[in-house]
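FYI, side chains are in, hydrogens and waters are out, and symmetry mates aren't considered; it's all heavy atoms of this structure.
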Amino acid sequence: MARPNQSDQRREELTPVIARSFAELGYRRATTAALAQRCGLRENQLYRLWPNKKAMFLASIDYLYEFTAAKWRELLSSDDGRTPAERILTWEGEHRGESGLHRITFAGLNETDDPDIREALRQMYQKFHSFIIGQVQEHRADKDHNEHPDAALTAWAVIGLGMMANITHELKLLPHDMRGRMVHDVGTHLLDGGQN
């Protein structure tokens, strides 16, 4: 009988640590020595799990999506009279930026000359886009479709709103409560196609 791959399990355990390290330090400042130290490993042990720093960063981009999508899926399972899209907007309005993982995207955007990082970010945003389109369509299911902007465009606008919320968080342009209202109120307006 084949033994389970311990490396896969170890990567899964350490990816959150690696992701948080990149979120705190950025791509350039996160040396493999610093990453190894935060993981409680020696560098050579880290290199047995990932071939290089870029591979660790790409895993962090995937982790950012999975971390966020897991929370959103959890919100989909509850039922409080609101649509799942409304529940997600409320949660994002209250908790946006708490994990700090959004900084991975900022670090990645600075590295888009690298085709692998650019492609990982594209795929991440496309997955967010697909997820949000589904929520927009479900939210609008009982409403007149002719009066709403295209769900795909609305999903990109919601993603843009999330990025703007991250920027206002990082630059302290808005206090937490106003940033939360911005995400919730503007997001709801986008969902409803300007009808509210």
Self-check item: Derivation and outcome, side chain to side chain contact (heavy atoms under 4.5 Å, CB included), residues K54 and L58
Solution: CA-CA 6 Å; K54 182 168 74 171; L58 297 175; 4.3 Å; yes
Quiz item: Which residues pass the side chain to side chain contact (heavy atoms under 4.5 Å, CB included) test with R96, sequence neighbours left out?
Solution: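 Scan of R96 (side chain to side chain contact (heavy atoms under 4.5 Å, CB included), adjacent residues dropped) gives E92, A165, N166.
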Exercise. Apply side chain to side chain contact (heavy atoms under 4.5 Å, CB included) to A23 and list each qualifying residue two or more places apart in sequence or on a separate chain.
Key: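 With neighbours one apart ignored, the set is L101, R103, I104.
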Working to the nearest 0.5 Å, report the span between [atom1] of [X] and [atom2] of [Y].
| X | Y | atom1 | atom2 | value |
| --- | --- | --- | --- | --- |
| L173 | L171 | CG | CG | 5.0 Å |
| T168 | R179 | OG1 | CZ | 5.5 Å |
| R10 | E13 | CZ | CD | 5.5 Å |
| R42 | T32 | CZ | OG1 | 14.0 Å |
| L49 | L41 | CG | CG | 7.0 Å |
| N110 | T105 | CG | OG1 | 11.5 Å |

Self-check item: Full working for side chain to side chain contact (heavy atoms under 4.5 Å, CB included) between R140 and T154
Solution: CA-CA 12 Å; R140 295 177 176 174; T154 299; 3.0 Å; yes
Donor-acceptor under 3.5 Å ([X] side chain, [Y] main chain):
| X | Y | result |
| --- | --- | --- |
| R181 | D177 | no |
| R87 | L75 | yes |
| K53 | Y27 | yes |

Given the rule that I, L, V, M, F, W and Y join up when any side-chain heavy atoms are under 4.5 Å apart, are [X] and [Y] in one cluster?
| X | Y | result |
| --- | --- | --- |
| M164 | L64 | yes |
| F67 | L76 | yes |
| L161 | I159 | yes |
| Y63 | L25 | no |
| M56 | L109 | yes |

Self-check item: Pairwise salt bridge (Lys or Arg N to Asp or Glu O under 4.0 Å) hits with a residue in residues 121-133, at least two apart
Solution: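 Listed once each, the pairs are E119-R122.
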Could you tell me which residues satisfy ring pair (Phe, Tyr, Trp, His ring centres under 6.0 Å) with [X], sequence neighbours excluded, listed by chain and number?
| X | value |
| --- | --- |
| H176 | none |
| H102 | F106, H169 |
| F128 | Y65, W72 |

Exercise. Specify whether W156 and H129 have parallel, tilted or perpendicular ring planes, treating 30° as the upper limit for parallel and 60° as the lower limit for perpendicular.
Key: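 Judged by the thresholds at 30° and 60°, the geometry between W156 and H129 is parallel.
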Heavy-atom pair of closest approach, residues [X] and [Y]:
| X | Y | answer |
| --- | --- | --- |
| A36 | L46 | N-CD2, 3.6 Å |
| A55 | P51 | CB-CD, 3.7 Å |
| G193 | P149 | CA-CD, 3.5 Å |
| A107 | G26 | CB-CA, 4.0 Å |
| V136 | A151 | CG1-CB, 3.9 Å |

Practice problem: List the steps and the verdict of side chain to side chain contact (heavy atoms under 4.5 Å, CB included) for K71 and T68. | Solution: CA-CA 5 Å; K71 182 58 191 174; T68 306; 5.9 Å; no
Pairwise side-chain contact, [X] with [Y], heavy-atom cut-off 4.5 Å (strictly under):
| X | Y | value |
| --- | --- | --- |
| W50 | T15 | yes |
| I117 | T112 | no |
| F131 | I88 | yes |
| Y125 | M163 | yes |

Exercise. Please test F22 against I61 for side chain to side chain contact (heavy atoms under 4.5 Å, CB included), starting from the C-alpha separation and ending with a verdict.
Key: CA-CA 10 Å; F22 280 120; I61 293 171; over 6 Å; no
Other residues, nucleotides and ligands only: do more than 12 of their heavy atoms fall within 6.0 Å of [atom1] on [X]?
| X | atom1 | value |
| --- | --- | --- |
| E170 | CD | yes |
| Q126 | CD | yes |
| R82 | CZ | yes |

Quiz prompt | I133, L153, V183, I132 screened by side-chain contact (heavy atoms from CB on, under 4.5 Å) with V158, the one that passes | solution =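 Of I133, L153, V183, I132, side-chain contact (heavy atoms from CB on, under 4.5 Å) with V158 is met by I132 alone.
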Quiz prompt | Sole candidate of L191, L190, T83, V186 that passes side-chain contact (heavy atoms from CB on, under 4.5 Å) when paired with L89 | solution =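 When L191, L190, T83, V186 are each tested with L89, the side-chain contact (heavy atoms from CB on, under 4.5 Å) holds only for L191.
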Exercise. May I ask you to say whether E111 pairs ionically with R118, meaning some side-chain N is under 4.0 Å from a carboxylate O?
Key: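 Here E111 does not pair with R118 in a salt bridge, since their nearest N and O are not under 4.0 Å apart.
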Practice problem: Identify whether the distance between the nearest side-chain nitrogen and carboxylate oxygen of E24 and R38 falls below 4.0 Å. | Solution: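 Between R38 and E24 there is a salt bridge, with a charged N closer than 4.0 Å to a carboxylate O.
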Quiz item: Does the pair R73 and E66 meet the rule for a salt bridge (charged side-chain N to carboxylate O under 4.0 Å, His left out), with working shown?
Solution: CA-CA 10 Å; R73 283 190 292 271; E66 291 304 327; 3.7 Å; yes
Self-check item: Residue pair R20 / S60, side-chain donor-acceptor N/O under 3.5 Å
Solution: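 Looking only at side-chain atoms, S60 and R20 do not form any donor-acceptor pair under 3.5 Å.
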